[in-house]
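Numbers for residues simply follow the sequence, beginning at 1.
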Amino acid sequence: MSRKVKELRMDDVVFKPSLQPKQSGDNTTKRKPDSIPIGQALETVNRQMQLQGLRHKTLLTYNQTMQKYVEFLNLKTVDDINKEGFMDWLDSLNHLDKTTQANRFRFVSAILTRFYDNGWIQGNKFWKDIKIKVDKKVKKAADERELEILLSVIDTTT
């Protein structure tokens with residue numbers, strides 16, 4: 001019995017920002033003339049990752065996670081990225097288990113590192129100082145009875 005697998009197209013992977021600027025009466029925020037719109041920066045980084053050979057599913061996951069990050073912080077340009085916003089975003093992930101939090105943190109920090117490497121983020125890599133610890137499950141030790149059972153089933157003739 002064959003199973004149909006949905007084929008991923010490049011259109012599935014390319015970051016398509018759906019962020020429309022909100023119309024507000026207060027337009028007093030001033031942007032640097034050289035600040036890069038977040039959508040343009042993400043498209044460039046996405047293209048770099050494609051050329052590097054990342055799998056389509058990996059790119060899709062990176063883009064979905066970054067889209068949620070951008071929407072949560074309402075980012076317009078790369079200059080809007082800062083440590084305080086990043087920490088607020090991490091706090092918003094508390095309802096998820098630690099493994100999922102660590103994965104989302106890893107995805108966003110990978111893209112932020114590419115922004116930094118491209119020269120779009122100035123200063124230090126604030127996301128490198130953040131660590132998310134994930135508890136690993138420890139198996140309980142075998143008791144004497146379980147060891148006896150194990151030793152009884154081992155073939156000692158060879």
Side-chain angles (χ1 to χ4, degrees), residues 1-19 36 38-75 77-158:
M1 195 176 196
S2 68
R3 195 174 101 192
K4 289 189 177 183
V5 178
K6 180 183 174 191
E7 181 178 315
L8 287 176
R9 299 179 313 248
M10 292 308 292
D11 294 339
D12 294 337
V13 177
V14 177
F15 181 81
K16 295 180 181 176
S18 61
L19 302 174
I36 299 170
I38 195 78
Q40 179 183 347
L42 288 169
E43 287 175 11
T44 302
V45 167
N46 189 50
R47 185 68 182 137
Q48 289 171 345
M49 291 189 298
Q50 285 174 356
L51 293 173
Q52 188 181 4
L54 268 68
R55 295 180 319 126
H56 297 294
K57 182 66 176 169
T58 304
L59 292 172
L60 188 62
T61 304
Y62 273 58
N63 287 329
Q64 287 172 342
T65 304
M66 194 63 186
Q67 176 73 34
K68 290 176 185 176
Y69 174 75
V70 168
E71 287 175 357
F72 179 81
L73 294 176
N74 196 22
L75 300 174
T77 66
V78 175
D79 292 339
D80 294 339
I81 297 171
N82 58 35
K83 185 175 185 175
E84 293 77 26
F86 190 79
M87 296 305 290
D88 289 344
W89 173 73
L90 279 178
D91 286 340
S92 75
L93 300 178
N94 281 338
H95 66 283
L96 303 172
D97 70 28
K98 289 289 186 188
T99 305
T100 305
Q101 288 179 23
N103 285 337
R104 291 195 181 168
F105 167 75
R106 188 172 45 90
F107 298 149
V108 171
S109 65
I111 292 179
L112 292 179
T113 299
R114 290 183 185 266
F115 285 178
Y116 182 84
D117 292 344
N118 287 333
W120 300 330
I121 295 179
Q122 304 302 320
N124 65 350
K125 297 180 184 180
F126 58 83
W127 56 93
K128 292 291 184 184
D129 299 332
I130 301 169
K131 304 287 185 235
I132 296 179
K133 290 191 175 186
V134 179
D135 294 332
K136 297 197 176 175
K137 294 181 181 178
V138 179
K139 293 181 181 178
K140 71 176 188 83
D143 61 9
E144 189 174 335
R145 187 181 69 75
E146 291 170 331
L147 284 174
E148 287 175 5
I149 293 171
L150 176 64
L151 291 173
S152 70
V153 295
I154 293 177
D155 183 17
T156 57
T157 59
T158 55

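E146 approaches A142 most closely through the heavy-atom pair OE1-CA, 3.2 Å. Taking each heavy atom of G85 and L73 in turn, the nearest pair found is O-CD2, 3.3 Å. Minimum heavy-atom separation, I130 to F105: O-CZ, 3.4 Å. The two residues Y69 and L112 make their nearest non-hydrogen contact at OH-CD1, 4.4 Å. Shown here for I154 and L150, the closest heavy-atom pair between the two residues is CG1-O, 3.2 Å. Closest of all the heavy-atom pairs between Y62 and M49 is CD2-SD, 4.0 Å.
Within 6.0 Å of atom NZ in K98, 12 or fewer heavy atoms from other residues, nucleotides or ligands are found, so the atom counts as exposed in its surroundings.
The CZ atom of R106 lies 12.0 Å from the OG1 atom of T113; values are rounded to the nearest 0.5 Å. Separating the CD atom in Q50 from the OG1 atom in T58 is a distance of 12.0 Å, to the nearest 0.5 Å. Between F86 atom CZ and F126 atom CZ the span is 6.5 Å, to the nearest 0.5 Å.
Taking 4.5 Å as the limit, every side-chain heavy atom of H56 sits out of range of all side-chain heavy atoms of L60. Within the 4.5 Å cutoff, the side chain of I38 has heavy atoms near those of the I81 side chain. Contact annotation: the side chain of N124 never approaches that of Y116 to less than 4.5 Å [non-hydrogen atoms, C-beta and beyond]. A 4.5 Å side-chain heavy-atom check between I111 and F107 finds every atom pair outside the cut-off. Between K125 and D117 the shortest side-chain heavy-atom distance falls below 4.5 Å.
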Practice item. Apply the test side chain to side chain contact (heavy atoms under 4.5 Å, CB included) to residues L42 and V70: give CA-CA distance (whole Å), side-chain angles for both, the deciding distance (0.1 Å), then the verdict. Key: CA-CA 10 Å; L42 288 169; V70 168; 4.1 Å; yes

Practice item. Check the pair V108, R104 against side chain to side chain contact (heavy atoms under 4.5 Å, CB included), reporting the backbone distance first and the verdict last. Key: CA-CA 6 Å; V108 171; R104 291 195 181 168; 5.7 Å; no

Exercise for review: Mind running side chain to side chain contact (heavy atoms under 4.5 Å, CB included) on F115 and V45 for me, showing each step along the way?
Suggested key: CA-CA 7 Å; F115 285 178; V45 167; 3.5 Å; yes

Check your understanding: R47 and L51: side chain to side chain contact (heavy atoms under 4.5 Å, CB included), yes or no, with the steps?
Key -> CA-CA 6 Å; R47 185 68 182 137; L51 293 173; 3.7 Å; yes

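In this structure a side-chain-to-backbone donor-acceptor pair under 3.5 Å is missing from N118 to W120. The closest donor-acceptor contact from the side chain of N94 to the backbone of D91 lies under 3.5 Å. Put simply, the side chain of Q101 gets close to the backbone of L96: a donor and an acceptor are under 3.5 Å apart. The backbone N or O of T61 sits nowhere less than 3.5 Å from a side-chain atom of Q64 that would complete a donor-acceptor pair.
Counting only N and O atoms by type, the side chains of D79 and T77 include no donor and acceptor under 3.5 Å apart. No side-chain donor-acceptor contact under 3.5 Å links Q48 and Q52.
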